[in-house]
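Single-structure report; data block below.
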Amino acid sequence: MRMKARQVRWIQRIGYSIALLFLLTGIAYATWYLAHDYVTLRDAYLTQAPFYRSTHWATDFFTPQTKVAGDRYAALGILLALLAGSYLLYSWRQTERHPAPSVRQHISRRDLLALATLSLLQLSLWAYANYLLPPAYDEVFSAMHAAGAGPFRALTYYMLPNNHVSFNVLNGTLFGWWTDDLVLTGRLISLAAYLALGALQYCWLRTLLHDRFAAFALVVLVAVLLPVWGFAAQARGYMLLLLFSWGAFVAVWRYASGRPDSPDSYRGGRMQWLLSGCCLLAYATVPVFLYLHLALLGWISLGWLRARRVDWSLIASQLVAGVGIFLFYLPAISFSGLGAITSNRYVAGGQQGVGEFAEKFLPTLPDYVNYLALDVAAGVPWLLPLLALLPLTFCWARNRAFRRLATFYVLLLSITLATVLLMRAVPFHRTLLFQLQFVGLFIACLPLAGRVFTSTGGSASMQQRPLRWRKGWLRGVAVGWLLLAGGLVWVTPEKFSLHLYYYDIVPTYRSVRGLVEQVPAGARVAGSDEAFYPLYMLRRERHSLTSMPVADYYVKRPGEALPEGGWNLVGQNAEYELYILYIRRGE
């Protein structure tokens, strides 16, 4: 497939235009925020429909102190946006002065057939997981209290644990105006990311392995690992995070594979901006991308040290991305406070020292690797952690491509671990999706080690002198990958319910469903903020959700206060209580 110079030029122009429009939007928001005082903003925010813990919003989030700090951040945002915009215009002018290159991407009909087959297989996997998994707590929380509250509130109200901002904004913007079931639409977004991820990985592995069947088989294997497959069918931002993380990795791979010192800098420039765009999108989805970002920057820096040069244009593009990330989170910072993002209980460091934290955290590292395939871990708990260390030997491989991959592997594991230790905050397994999938991919490549260590074509890059595999051996390994993937497809789904979030999704859903089925058709139902899960089920059953004091039924968690009036308990389970009204207030 060949993209002509004119097409490349227009793609460049569209990219620069979108980036400049984003900066202008950030400036417009900051100017609007500075133009209004605290009382005006607070009252306008509260005049809308009640939202999650809205009674505490003006005291716990948007306080006068938040507004004062928000004004400073808004002014800083305008300054940074103007500087970033000036550099973007300069870069645009430099690009326009040079002839646009044509781009060749070798995608044959057989590649298209492999991609179509892969997409069909992924769609089937998603449909099966979607069938097995009822809505989880986290999905419903995001759907009702973030995406369902509208794009502006999803951007500005960083209530805990709402840390998938771009996903919730996208879900609410695309689907919030025509459907109430934002769990289903959120799962469709994850499906789209899952399909795009498979295509991206196939194209990269196709150039690495130089075999379509092997690339296809390896993508299938890493696609059915428990956290990857499971979260592909969840209305959360983890699959978007994984897609953008792989986009950033491939951009650095392509950037480092070329010749940055070459006069033809178009390719390097394209990869720099692709890296910056993926970084922006990944941070906007889940800020835990920081672990991977630091590893990528370390990988790039090692290349600069070897070449004894620094690519200042890449640094500039990363700074522009940093400005974009700041502007994206500016609404949340200015309405919820910086502490809601940096000091919430999911990211705030513990009170213990680094040494004390390390003593407790380091022994749990094998559990992260075993999360990839729990049946293997149940039989031989030390096997996967040991296999995860063996790819480190690729650092001494004679093949240059695998040495580069092993270097990144070392950086990825060590920098992620060092960052966790310095932050003293235990990461959830699901937040390390890229790290876990990359570990799985490298473990799968261990059978290729013999050829990697005996290859004599290691001084040139893979694009210049590719590693030639013995077809029979590589195809045999690929068949093994497919057989292993088939085994995981057979045993993994039964682990979804308990191990995706480490609470049992299916029994919880059935218990709450049995409770809400006691509400007769046509009844008016209200509930507390924390009763979002049964309220979501009632909405799906077309019950009339209303507010007090006109409700006939009220659902809440144990320990929460009841509204005024006379209420009788008609049902309960371990999580919720259902009440019926028999005396209205004032009667």
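We're numbering straight along the sequence, starting at 1. Only this structure's heavy atoms are used, side chains among them; waters, hydrogens and symmetry mates stay out.
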Residue set satisfying ring-ring contact (aromatic ring centres under 6.0 Å, His included) with Phe326, at least two apart, ordered chain then number -> none
Here the salt bridge (Lys or Arg N to Asp or Glu O under 4.0 Å) pairs for residues 219-231, sequence neighbours left out, are none
Tightest non-hydrogen contact, residues Leu209 and Leu448, listed as CD2-CD1, 4.0 Å
**Asked** Between Trp481 and Cys445, is there a donor-acceptor pair closer than 3.5 Å when you use the side chain of the first and the backbone of the second?
**Response** no
Q. Within a strict 4.5 Å, meaning less than it, do heavy atoms of the Cys278 and Trp246 side chains meet?
A. no
Exercise for review: Evaluate the side-chain proximity of Pro287 to Tyr329: yes if any heavy-atom separation is below 4.5 Å, no if none is.
Suggested key: yes
With a 3.5 Å cut-off and no angle check, do the side chains of Tyr238 and Thr431 form a donor-acceptor pair? no
Whether the side chain of Arg424 engages the backbone of Val354 through a donor-acceptor N/O pair (distance < 3.5 Å, no angle test) should be reported. no
Nearest heavy-atom contact between Ala129 and Phe496 is CB-CE1, 3.9 Å
Q) Just by modelled atom types, is the Val165 backbone N or O under 3.5 Å from a matching donor or acceptor in the Tyr158 side chain? A) no
Fill in: Check: Gln437/Gln201 side-chain N/O donor and acceptor closer than 3.5 Å
yes
| For Gln318 and His293, what are the C-alpha separation, side-chain angles and deciding distance, and is it a side chain to side chain donor-acceptor pair (under 3.5 Å)? | CA-CA 11 Å; Gln318 285 287 284; His293 191 201; 2.7 Å; yes
**Asked** Any sub-3.5 Å donor-acceptor pair from Gln435's side-chain atoms to Leu413's backbone N or O?
**Response** no
> For Tyr128, does the OH atom sit with more than 12 other heavy atoms under 6.0 Å from it, leaving out its own atoms?
Replying inline: no
Looking at Thr364 and Lys360, would you say the former's side chain and the latter's main chain have a donor-acceptor pair under 3.5 Å?
no
- Query: Are any side-chain N or O atoms of Ser276 and backbone N or O atoms of Ser317, one a donor and one an acceptor, separated by less than 3.5 Å?
  - Reply: yes
> Do the side chains of Leu191 and Asn130 get nearer than 4.5 Å, heavy atoms only?
Replying inline: no
Sorted by chain and number, sequence neighbours left out, ring-ring contact (aromatic ring centres under 6.0 Å, His included) with His429 holds for Tyr368, Tyr371, Tyr502
**Request:** Could you tell me whether the side chain of Asn370 reaches within less than 4.5 Å of the side chain of Leu383, counting heavy atoms only?
**Result:** no
In short, salt bridge (Lys or Arg N to Asp or Glu O under 4.0 Å) pairs touching residues 196-219 with sequence neighbours left out are Asp111-Arg206, Asp111-Arg212, Asp211-Lys471, Asp211-Arg475
Is Arg404 close enough and on-axis enough to Trp253, meaning under 6.0 Å and within 45°, for cation-pi?
yes
**Report entry** Ser190 side chain to Ala233 backbone, donor-acceptor under 3.5 Å
**Finding:** no
Heavy atoms of Val183 and Ala235 approach each other most closely as O-CB, 3.3 Å
Q. Would Gln12 and Trp273 count as having a side-chain donor-acceptor pair, cut-off 3.5 Å?
A. no
Residue set satisfying ring-ring contact (aromatic ring centres under 6.0 Å, His included) with Tyr509, at least two apart, ordered chain then number -> none
Exactly one of Leu488, Leu374, Leu372 clears side-chain contact (heavy atoms from CB on, under 4.5 Å) with Leu226, and that residue is Leu374
*asked:* Just so I know, are the side chains of Gln272 and Asp311 near enough to count as touching, which here means a heavy-atom distance under 4.5 Å?
replied: yes
Worksheet entry | Any donor-acceptor N/O pair, Ser414 side chain to Val410 backbone, under 3.5 Å | yes
Residues Leu125 and Val224: closest non-hydrogen pair is CD1-CG1, 3.6 Å
### Task
Flag the pair Thr492 / Asp375 as yes when at least one side-chain heavy-atom distance between them is below 4.5 Å, and no otherwise.
no
Between the main-chain N or O of Leu182 and the side-chain N or O of Asn171, is there a donor-acceptor pair closer than 3.5 Å?
yes
- For this output row, return yes or no: ring centroids of Phe249 and Phe438 closer than 6.0 angstrom. yes
Closest non-hydrogen contact found for Leu290 with Tyr283 is CA-OH, 3.4 Å
Notebook entry, point to check: When you measure from the side chain of Trp299 to the backbone N and O of Val252, does any donor-acceptor pair fall under 3.5 Å?
Noted result: no
Nearest heavy-atom contact between Leu88 and Ala19 is CD1-CB, 3.7 Å
Would you say that Tyr501 contacts Phe428 through its side chain, given a criterion of any heavy-atom pair below 4.5 Å between the two side chains?
no
Residues at least two apart in sequence or cross-chain that pass side chain to side chain donor-acceptor pair (under 3.5 Å) with Thr407, listed by chain then number, are none
Check your understanding: Is the Tyr194 to Phe231 ring centre distance short of 6.0 Å?
Key -> no
Quiz item: Can a donor-acceptor pair be found between the side chains of Arg236 and Ser142 at a distance below 3.5 Å?
Solution: yes
